[in-house]
There are 2 protein chains.
Amino acid sequence: MTSRDVARVAGVSQATVSLVLGDKWRGRVSERTVAVVRAAAGELDYRPNLAARSLRLGATRTALLVVPALTHEYFARVYAGAAKVADEHGFGVVLYPSPAGIGPARDPFGSARTAIDGVIASSMAADALAAFGDGGLPLVMLDSDPGVPGGPPTVNLAVADGMRQVARHLLGLGHRRIAHIAADVDTWTFRVRTEAVAAELAAAEVPAAPRHAAALNVAAARDAAVRALSAPGPRPTALLCDDDILAAGACKGARALGLRVPDDVSVSGFDDLSLATALDPELTTVRLPAESIGEHGMSALLALLAGRPAPPVELPLTLLPRASTAPAVA
Amino acid sequence: MTSRDVARVAGVSQATVSLVLGDKWRGRVSERTVAVVRAAAGELDYRPNLAARSLRLGATRTALLVVPALTHEYFARVYAGAAKVADEHGFGVVLYPSPAGIGPARDPFGSARTAIDGVIASSMAADALAAFGDGGLPLVMLDSDPGVPGGPPTVNLAVADGMRQVARHLLGLGHRRIAHIAADVDTWTFRVRTEAVAAELAAAEVPAAPRHAAALNVAAARDAAVRALSAPGPRPTALLCDDDILAAGACKGARALGLRVPDDVSVSGFDDLSLATALDPELTTVRLPAESIGEHGMSALLALLAGRPAPPVELPLTLLPRASTAPAVA
DNA sequence: CTGTTAGCGCCTTCAC
DNA sequence: GTGAAGGCGCTAACAG
């Protein structure tokens with residue numbers, strides 16, 4: 001099924017077929033001919049050959065989405081958002097699970113450079129990021145340091161504000177001894193979370209939250225929570241966690257010490273994964289508009305590709321108070 | 001950077017470059033020339049243009065992986081496994097989240113048919129599956145009915161055996177009143193689960209497990225569990241769930257009725273998602289080799305593409321007894 | 001052993 | 001308003 005076949009069946013030339021199917025025929029092809037061509041294409045179930053089109057056009061209409069870990073629900077949702085917008089513009093999105101997490105370090109541009117029009121990188125570690133500086137491809141950064149002027153366009157979450165909301169929520173419940181279960185990951189998003197917590201507690205003239213770092217998994221968070229809750233001195237009444245997975249571990253840690261959540265210890269998460277409502281009690285957390293950031297990221301890349309500017313975006317976050325936080329007990 | 005540039009720099013012809021870089025030069029190009037070409041390619045940081053190669057070869061070295069939902073951890077892991085094997089063979093994998101879940105059916109082959117060499121379909125509903133029968137592309141089915149002789153090759157999980165292990169585990173703990181919280185999804189994998197449970201209880205001459213269907217989410221499962229536990233007659237002592245998400249909901253349901261897990265009610269899951277160990281108590285569940293099924297699926301597709309037969313595969317499952325199940329109380 | 005040639009399917013001038 | 005021609009970068013035949 002080539003465009004030549006369609007042309008033959010329609011009794012016109014290949015060029016005419018291209019014009020009609022490319023929707024560039026206004027004022028160049030007669031209405032009647034257009035109908036004939038469309039009929040022929042439908043008849044033959046014609047699909048343009050993408051390889052040929054890419055070769056001719058020098059563009060592939062494909063974006064690469066780089067994520068630290070696809071198994072994390074958040075990134076799966078970012079992908080869904082990006083894919084939706086891409087699809088609406090006849091683009092595809094291919095995933096590149098960055099080796100930072102796991103997996104072998106395939107060269108992101110191994111041979112893909114010629115197969116890709118642009119890159120969207122999400123929540124990348126500072127060093128892994130460097131690999132994308134070159135590549136010469138249009139680049140959009142998601143949930144990453146927007147600080148670099150002249151750097152790539154960014155689409156960000158109001159992470160600092162989100163953490164501030166959590167801290168205020170806890171303070172409002174009367175908590176004064178708050179421990180911070182922090183993700184032991186060196187990315188912009190987590191650095192900001194730590195800073196926001198510190199800033200907010202300082203502003204409220206409350207003792208700084210001791211920071212207990214844990215790898216991003218339940219078991220590590222559990223251990224960190226046990227350390228936090230059995231440290232010398234008065235016991236924290238709240239565990240503010242960098243994300244929902246850590247919060248799940250924190251709940252387990254608290255219970256391992258015979259403490260009830262939220263009666264004896266309040267626990268807060270971040271991300272609003274489906275995990276947050278699978279737990280019992282359900283987690284107080286912050287909803288991240290994951291699909292939305294994916295959509296904005298793809299839109300920004302599309303703008304870049306079209307030579308239009310892509311202004312920085314910052315998406316607001318919403319605190320969702322649920323059952324894992326309660327008023328502090330004296 | 002075209003192969004022509006490399007040829008010019010190396011002082012040879014384009015064809016020679018192609019032979020060398022395609023590793024097809026043995027006995028056709030001198031060692032010395034090979035070295036020169038390689039040096040030139042390295043110098044210029046040459047990457048072959050994939051679109052041109054695809055056009056010439058009529059193949060794209062790309063497989064389509066069709067999954068019901070990418071946000072489900074299981075499918076993300078299947079993808080990871082498939083991508084790994086694909087990568088080792090110079091193939092790529094693109095995802096197609098089947099609209100079965102949401103949205104109208106975009107044509108899976110909209111324009112992708114020409115951009116894809118084969119399809120791997122995972123856990124597809126019977127009807128959604130039909131759309132892939134045609135397409136004329138090599139097809140491998142994952143976790144789907146292997147019953148069709150002459151049908152596409154399958155890579156399967158020993159789902160029935162896994163459920164049997166769960167049922168025996170519960171029976172061994174003395175449970176005689178078992179309710180089945182079933183996924184309300186019409187796919188092979190879930191039909192088999194239901195049948196296996198029924199068969200195993202029948203074999204043990206234990207009353208059939210009432211089946212409570214629930215959509216595949218925590219809230220629906222919670223409601224189903226509440227129904228199961230407050231149905232007339234003696235209360236079930238165990239809730240056997242079709243998957244971990246349902247089990248999470250079942251635990252919430254039990255607690256909502258003031259029952260403790262596992263002291264008053266045992267709950268079992270299936271899949272061994274990270275959720276299983278995020279919960280407290282940790283779920284007794286069955287581990288699915290998700291990456292492995294993805295790997296085997298890609299291998300089977302590769303075999304098909306090479307004209308080799310792809311024998312059916314069935315992967316064994318492992319029961320993981322954890323804290324959510326305990327001996328039945330009289 | 002190496003070079004020349006042709007053509008994959010498409011889109012875009014340019015000429016009619 | 002329509003057709004003819006060329007070339008994107010690559011590889012497989014075929015010459016030399």
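In what follows, chains are A, B, ... by sequence order, proteins preceding strands, each numbered from 1.
- To the nearest angstrom, P of dC11(C) lies 10 Å from CG of Leu50(A).
- Gly27(A) comes within contact range of the sugar-phosphate backbone alone, with a heavy-atom separation under 4.0 Å but no base atom that close.
- Within the 4.0 Å cut-off from OP1 or OP2 of dT2(C), not a single side-chain nitrogen or oxygen of Thr16(B) is found.
- Side-chain N or O atoms of Ser144(A) include one that pairs as donor or acceptor with a backbone N or O of Leu142(A) at under 3.5 Å.
- Taking only distance into account, the side chain of Arg56(A) meets the base of dC11(C) through a donor-acceptor pair shorter than 3.5 Å.
- At whole-Å resolution of the value, CH2 in Trp25(A) and C1' in dG3(D) are 19 Å apart.
- A donor-acceptor contact under 3.5 angstrom links the side chains of Asp117(B) and Thr60(B), judged on distance only.
- Rounded to an integer number of Å, the gap from Arg4(A) CZ to dG6(D) P is 14 Å.
- Considering CG of Leu288(B) and CD of Glu73(B), their distance stands at 10.5 Å, rounded to 0.5 Å.
- Remark: the Ser122(B) side chain and the Asp143(B) side chain contain no N/O donor-acceptor pair separated by less than 3.5 Å.
- The separation between Arg28(B) atom CZ and dT2(C) atom C1' is 11 Å, rounded to whole Å.
- From Leu19(A), atom CG reaches atom NZ of Lys24(A) across 9.0 Å, with rounding to the nearest 0.5 Å.
- Thr33(B) comes within 4.0 angstrom of sugar-phosphate atoms only, judged by non-hydrogen atoms across all strands, and of no base.
- A straight line from CG of Leu57(B) to P of dG7(C) spans 17 Å, rounded to a whole angstrom.
- OP1 or OP2 of dT2(C) has at least one side-chain nitrogen or oxygen of Ser30(B) nearer than 4.0 Å.
- Under 4.0 angstrom from either OP1 or OP2 of dG9(D) there lies no side-chain N or O belonging to Thr2(B).
- The CG-P distance, from Leu19(A) to dC14(C), rounds to 15 Å in whole Å.
- Arg8(A) meets the salt bridge (Lys or Arg N to Asp or Glu O under 4.0 Å) test with Asp5(A); sequence neighbours excluded.
- Atom P of nucleotide dA13(D) and atom NZ of Lys24(B) are separated by 10 Å, given to the nearest angstrom.
- For Ser3(A), whose side chain is taken as the heavy atoms from C-beta onward, the closest listed nucleotide among dT11(D), dC11(C), dC10(C) is dC10(C).
- In this entry the distance linking CG of Leu55(B) with P of dC11(C) reads 12 Å, nearest Å.
- Between atom OG1 of residue Thr189(A) and atom CG of residue Asp145(A) there is a gap of 11.0 Å, rounded to the nearest 0.5 Å.
- Proximity of residues 5-15 of chain A to DNA chain C (heavy atom under 4.0 angstrom from any strand atom) is restricted to Gln14(A), Ala15(A).
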